Peer 1: 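If you scroll down you'll find the structure; I have some questions about it.
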Amino acid sequence: MFEDISKVILLSDMDGTLLNSKKEVSDIDRRAIERFSAMGGRFTVATGRTVQSFGQFTSVLGLKYPIIMYNGAAIHDYVSGKTLYTHPLPLKAKAYTAELLELMPEAGGEVLKTDGTYVFSNTDYQQLHTRLCGISPEYRDLKDIEDGGWLKVLFSMSPEDVEHMELLTRKLDYGDVDFVKSAEIFLEMLPKGVSKGSALAEYRKLDGMEDCTFVSIGDFDNDIEMIVEADVGACPANAEDSVKKKADLILTRTNDEGAVSELIDNIIERCRK
């Protein structure tokens, strides 16, 4: 499995994993990624971010390989500028979003598409998310956001309200979408069966990726499927307990201490053996 480092692909989550508490890539992780790449390893990212919001990290990380985005609803290649795979929400997602917003008007929210981000409820929590992503969204009423091509809907609210909405979605039982918590204050609507894990399965089919060994690392609920789908799934020491239960490897370092660097050292050691 680890006979050839050039056949090893490392997929890392961003927030809580590769990014530290300051939302930066630490020097120790950056140097480790450079070392891994110089040895022939392939490093890339699996994130909930959009094509537009992730752009700021492409030059920092020097990524050469396609990126899993929108929590698995798309795979985008910044080198070619092409989106290689998408799995959009059903058209009913608009009605589901309207119903949830009517029942919980305190929720912030946005629709994410390949061409941009559309904010339909600009609460304080939503403004926090916009700042964290460093994007300039469009602001529209929900009814005015064009149907089709919705890759996900992100709701932002207090942790208590996220728990309330989770219970509400289970009661409403929308059969053709899934809901996943991507942070304590974010709940996302995704197409049924779509996750970072399902996108990893699609990634294996891309040209040049067929015989590769996939290693993944993540810290939160929306990373679990990717950790399970990978040949080796890891998590930083700060990961949620639900993630640690599924990981093959629980690292000793947190995202503030260079967890990705520790994982890269582990991969290099396996390849040497």
Side-chain angles (χ1 to χ4, degrees), residues 13-17 19 45-54 67-76 85-101 103-104 106-114 116-123 125-133 135 137 142 145 149-200 218-227 240 242-243:
D13 168 55
M14 291 290 288
D15 298 280
T17 305
L19 298 184
V45 165
T47 179
R49 284 176 163 79
T50 69
V51 173
Q52 295 77 20
S53 66
F54 187 80
I67 297 169
I68 292 173
M69 315 200 83
Y70 303 89
N71 270 328
I75 300 175
H76 184 77
Y85 162 83
T86 60
H87 189 146
L89 284 159
L91 294 179
K92 291 180 181 178
K94 191 171 191 175
Y96 300 157
T97 302
E99 183 173 23
L100 289 170
L101 196 60
L103 293 169
M104 294 189 64
E106 66 274 23
E110 63 186 37
V111 173
L112 297 101
K113 306 172 70 172
T114 55
T117 300
Y118 301 86
V119 173
F120 56 82
S121 180
N122 195 30
T123 64
Y125 281 103
Q126 175 58 46
Q127 291 171 38
L128 172 61
H129 182 255
T130 299
R131 290 195 301 274
L132 288 173
C133 290
I135 58 172
L142 182 62
I145 300 175
W150 292 24
L151 295 177
K152 71 175 185 177
V153 179
L154 182 141
F155 296 97
S156 52
M157 62 202 99
S158 70
E160 296 78 14
D161 286 337
V162 166
E163 292 180 8
H164 183 196
M165 185 175 280
E166 282 186 298
L167 293 172
L168 186 59
T169 58
R170 293 191 194 110
K171 181 178 180 181
L172 293 170
D173 192 24
Y174 301 131
D176 47 2
V177 298
D178 286 331
F179 289 86
V180 62
K181 189 164 68 169
S182 55
E184 293 296 334
I185 60 173
F186 301 136
L187 185 68
E188 302 187 12
M189 181 197 300
L190 291 165
K192 188 72 176 178
V194 164
S195 66
K196 291 180 181 180
S198 67
L200 197 163
D219 73 302
F220 212 77
D221 292 354
N222 60 320
D223 300 311
I224 290 175
E225 288 83 357
M226 175 178 71
I227 286 170
E240 297 289 307
S242 57
V243 180

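Just so you know, these numbers come straight off a predicted model, no measurement behind them.
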Peer 1: Measure the shortest side-chain to side-chain distance between S195 and V180 over non-hydrogen atoms and say whether it is less than 4.5 angstrom.
Peer 2: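 They are not in contact (no side-chain heavy atoms under 4.5 Å apart), so the answer is no.
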Peer 1: Side chains of L151 and T114: closer than 4.5 Å at any heavy-atom pair?
Peer 2: yes
Peer 1: Tell me the closest heavy-atom pair linking P159 and I185, and the distance in Å.
Peer 2: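 Heavy-atom minimum between the residues: CD-CG2, 3.8 Å.
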Peer 1: Would you give the length of the straight line joining atom CD of Q126 to atom CZ of F155, rounded to the nearest 0.5 angstrom?
Peer 2: 10.5 Å
Peer 1: Could you tell me the separation between the CD atom of E110 and the OH atom of Y118, rounded to the nearest 0.5 Å?
Peer 2: 12.0 Å
Peer 1: With side chain to side chain contact (heavy atoms under 4.5 Å, CB included) as the criterion, how do Q127 and N122 come out once you've worked through the C-alpha distance, each side chain's angles and the decisive distance to 0.1 Å?
Peer 2: CA-CA 6 Å; Q127 291 171 38; N122 195 30; 3.3 Å; yes
Peer 1: Would you name the heavy atoms of S198 and G72 that are closest together and state the gap between them?
Peer 2: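 Heavy-atom minimum between the residues: OG-O, 4.5 Å.
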Peer 1: Testing the basics here: between L89 and L190, what is the closest heavy-atom pair and its distance to 0.1 Å?
Peer 2: CD2-C, 3.3 Å
Peer 1: Check R49 against M14 and note the closest heavy-atom contact, atom names and distance.
Peer 2: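 Where R49 meets M14 most closely, the heavy atoms are NH1-CB, 3.8 Å.
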Peer 1: What's the separation between atom NE2 in H76 and atom CD1 in I68, rounded to the nearest 0.5 Å?
Peer 2: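 Output value for this atom pair is 14.0 Å.
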Peer 1: Give me each pair satisfying ring pair (Phe, Tyr, Trp, His ring centres under 6.0 Å) with a member in residues 171-198, each pair once, sequence neighbours excluded.
Peer 2: Y96-Y174, H129-F186
Peer 1: Do you know which two heavy atoms are closest between G109 and S156, and how far apart they sit?
Peer 2: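 Heavy atoms only, the tightest pair is N-OG, 4.2 Å.
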Peer 1: Can you confirm whether K192 sits close enough to V177 that some side-chain heavy atom of one is under 4.5 Å from a side-chain heavy atom of the other?
Peer 2: no
Peer 1: Could you list the residues that satisfy ring pair (Phe, Tyr, Trp, His ring centres under 6.0 Å) with H87, not counting sequence neighbours?
Peer 2: none
Peer 1: Quick check for you: to the nearest 0.5 Å, what is the distance between L103 atom CG and M165 atom CE?
Peer 2: 8.5 Å
Peer 1: Which heavy-atom pair separates G218 from D13 by the least distance, and what is that distance?
Peer 2: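 So the two residues come closest at CA-CB, 3.8 Å.
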Peer 1: Taking C-beta and beyond as the side chain, do T97 and V111 meet within less than 4.5 Å on heavy atoms?
Peer 2: no
Peer 1: Taking the side chain as every heavy atom from C-beta outward, state whether W150 and L91 have any atom pair closer than 4.5 Å.
Peer 2: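 They are not in side-chain contact.
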Peer 1: Hydrogens and angles aside, do E188 and N71 bring a side-chain donor and acceptor to less than 3.5 Å of each other?
Peer 2: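 The criterion, which ignores hydrogens and geometry beyond distance, is satisfied for N71 and E188.
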Peer 1: How far does CD1 of I67 sit from CD1 of I75, to the nearest 0.5 angstrom?
Peer 2: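 So the CD1 of I67 and the CD1 of I75 are separated by 11.0 Å.
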Peer 1: Tell me whether S242 contacts the main-chain N or O of D221 through its side chain, where contact means a donor paired with an acceptor under 3.5 Å.
Peer 2: no
Peer 1: So, do L128 and R131 sit near enough that their side-chain heavy atoms are less than 4.5 Å apart?
Peer 2: yes
Peer 1: So do the side chains of E106 and T123 get within less than 4.5 Å of each other, counting heavy atoms only?
Peer 2: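 In short, these two side chains do not touch, never coming nearer than 4.5 Å.
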Peer 1: Would you give the length of the straight line joining atom NZ of K152 to atom CG of D178, rounded to the nearest 0.5 angstrom?
Peer 2: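 One gets 14.0 Å once the value is rounded to the nearest 0.5 Å.
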Peer 1: Is the shortest heavy-atom distance from the side chain of D223 to the side chain of K196 under 4.5 Å?
Peer 2: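 Yes; the side chains approach each other to less than 4.5 Å.
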